[in-house]
Amino acid sequence: MTRTDCVPPDEIRALFSIALSDMYRTEVPQYGALLELVASVNADALASAPDLMARLECRGELARLDVERHGAIRVGTAAELFDMRRLFAVMGMVPVGYYDLSVAGVPVHSTAFRPVGAADLRRNPFRVFTSLLRLDLIGDEALRAEAAAILSARRIFTPRAMELVAVSETQGGLDHDQAAGFVREALETFRWHAQANVGLSTYKALVAAHRLVADIVSFKGPHINHLTPRTLDIDAAQARMVAQGMAAKAQIEGPPRRDCPILLRQTSFKALSEPVGFATGQGDVLGTHTARFGEIEQRGAALTPKGRLLYDQLLAAARRDAQAGSGDDGQALAMRFRAFPDDWRMLRDQGLAFFRYFPTPAGLAAPEDRMSVLSVDDLVDRGYLGYEPITYEDFLPVSAAGIFQSNLGAGERRQYDERSSRASFEQALGAPVRDEMVLYADEQSLSIRTALARLGLDPDLPLKAEA
Ligand code: OOG
Ligand code: NI
């Protein structure tokens, strides 16, 4: 098959993300209600801030907004994670980032499968936060062995899905019919099963070890546990969730509200209690399981390592303040984050966020004095280069832990020894995870080189003039 016969991975990803969203909407009607709420909040935000629309347009994000989603799944074994990587690769999604949730008392470690190129992200930024269970963190040896046996006996992918993954790998892509078949078959892995894989007593033992262990081990597959649309105003969306009687989480995770949004702010409605059939010797008994929820998020600028360090320090300080009783979490956060500049120019000058640069009309008019500039900063100062923040496309471990916690119920924060587990995660995955900081830095420097070339200047011009 030649490359031109292949359906582009971006297109398969877009098809899959729509199919998944449609399936989840049927399974969890509240998700549909959340989509409508977010669409209306976004329309209001755009109508009330014309410059917001222009900025999103400039970043190429206006078109993607309505389809933008992330989902989350949890797999049980190294082999499942390995094949999941192969499955996502068909859709141009690769593992980015490593998140160790065990430090937050959740026995998993995770990555995000997502597209990485700027053009691919623009076409469809669908991402899936994927966690691998760490059975080694389960203390009870007999239960650990039982869980391992249950997991090793299940097959979470249909045979046809894996066949098509292999075809895509050898052929370098899928043709139209194969792509349609792939989307249909891949969807099966993410489907909810109202029938558990285990009996009620095993389920209860698993819940006692950790609710998350029960969620992963007790079912036939890694049902999608939430799908998250992107909102332009999470405070407005949160208020409307409460007004509509949705069981919204008390706190928005992430940074406080700011003029210049950074990273990621998230909130969710609590997980649903759903009926599940458990096998017994004499037919089924009905029980319930709580796993699936709804979440929304607002995305802001990607931070540099320096900016991220400041973010982590302020967040930790705010938590300490709140624990020490000086105000509630929201107040503590707002107080501490006064130390984080809230102005794009300052964020850029201080190297706290990543930006995409572009030549301005004044620069493209090729003024003579542009030849005498010594640095990118110089061009910015003279108004020949403009810049826009690069959107954060990843996740936040502290927020993720907060999302896990709020949906697992009280008391699900266990103490686990901190061990280095990234290497074992990558071994299970069968590939290294990409470093998101490198991706953002590359994106920024590529935009600078392209802009300088368009201005007829040396693409290697330094960012700052030599002192
Ligand atoms: C994943 C929680 C993490 C997020 O948005 O940070 C997450 C899970 O509950 O499986 O989705
Ligand atoms: Ni999420």
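What's counted below: heavy atoms across the whole structure, side chains too, no hydrogens, waters or symmetry copies. Numbering of ligands and ligand atoms starts at 1, following listing order.
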key: Face-on cation placement of R85 at F82 ring, 6.0 Å and 45° thresholds   = yes
key: Those residues that, when tested against R434, pass salt bridge (Lys or Arg N to Asp or Glu O under 4.0 Å) (two or more places apart)   = none
inquiry  = As an exercise, identify every atom of ligand 1 less than 4.0 angstrom from a heavy atom of E295.
reply    = 4 (C), 5 (O)
task = Could you tell me the residue and atom name of the protein heavy atom closest to atom 5 (O) of ligand 1, and the distance to it rounded to 0.1 Å?
result = Q266 NE2, 2.8 Å
query = Can you tell which part of L396 has a heavy atom less than 4.0 Å from ligand 1: side chain, backbone, both or neither?
reply = neither
query = Between F219 and H289, what is the ring plane arrangement, given parallel below 30°, perpendicular above 60°, and tilted in between?
reply = tilted
ask   = Between F337 and F340, how do the two ring planes meet: parallel, tilted or perpendicular, split at 30° and 60°?
value = parallel
query = Against heavy atoms of F395, which atoms of ligand 1 measure under 4.0 Å?
reply = 4 (C), 5 (O), 6 (O)
Inter-residue atom distance I73.CD1 - F129.CZ, 0.5 Å rounding = 11.0 Å
task = Before accepting this row, confirm whether a basic side-chain N of the pair E61/R230 lies closer than 4.0 Å to the acidic partner's carboxylate O.
result = yes
task = Keeping waters out of it, list the protein N, O or S atoms under 2.8 Å from the Ni ion (ligand 2).
result = H70 NE2, H226 NE2, E295 OE1
query = Using the ring of each side chain (for Trp, its six-membered ring), is F190 parallel, tilted or perpendicular to F88, with breaks at 30° and 60°?
reply = tilted
inquiry  = Once you restrict to heavy atoms under 4.0 Å, what part of E297 touches ligand 1? Side chain, backbone, both or neither.
reply    = neither
request  = Starting from atom 2 (C) of ligand 1, find the nearest protein heavy-atom neighbour and note its residue, name and distance.
outcome  = F404 CE1, 3.6 Å
key: Test log, rule salt bridge (charged side-chain N to carboxylate O under 4.0 Å, His left out), inputs R114 and E393   = CA-CA 8 Å; R114 68 166 177 90; E393 305 286 354; 5.6 Å; no
inquiry  = Strictly by salt bridge (charged side-chain N to carboxylate O under 4.0 Å, His left out), give each pair with a member in residues 233-246 just once, sequence neighbours left out.
reply    = D44-R240, D233-R257, D235-R257, D235-R265
query = In the protein, what heavy atom is nearest to atom 9 (O) of ligand 1, and what distance, to one decimal place, separates them?
reply = R74 NH2, 2.7 Å
message = Using a 4.0 Å cutoff against the non-hydrogen atoms of A72, which atoms of ligand 1 qualify?
response = 1 (C), 8 (C), 10 (O), 11 (O)
inquiry  = Filter on salt bridge (charged side-chain N to carboxylate O under 4.0 Å, His left out), then keep only pairs touching residues 24-33, sequence neighbours left out; what's left?
reply    = D22-R25, E27-R292
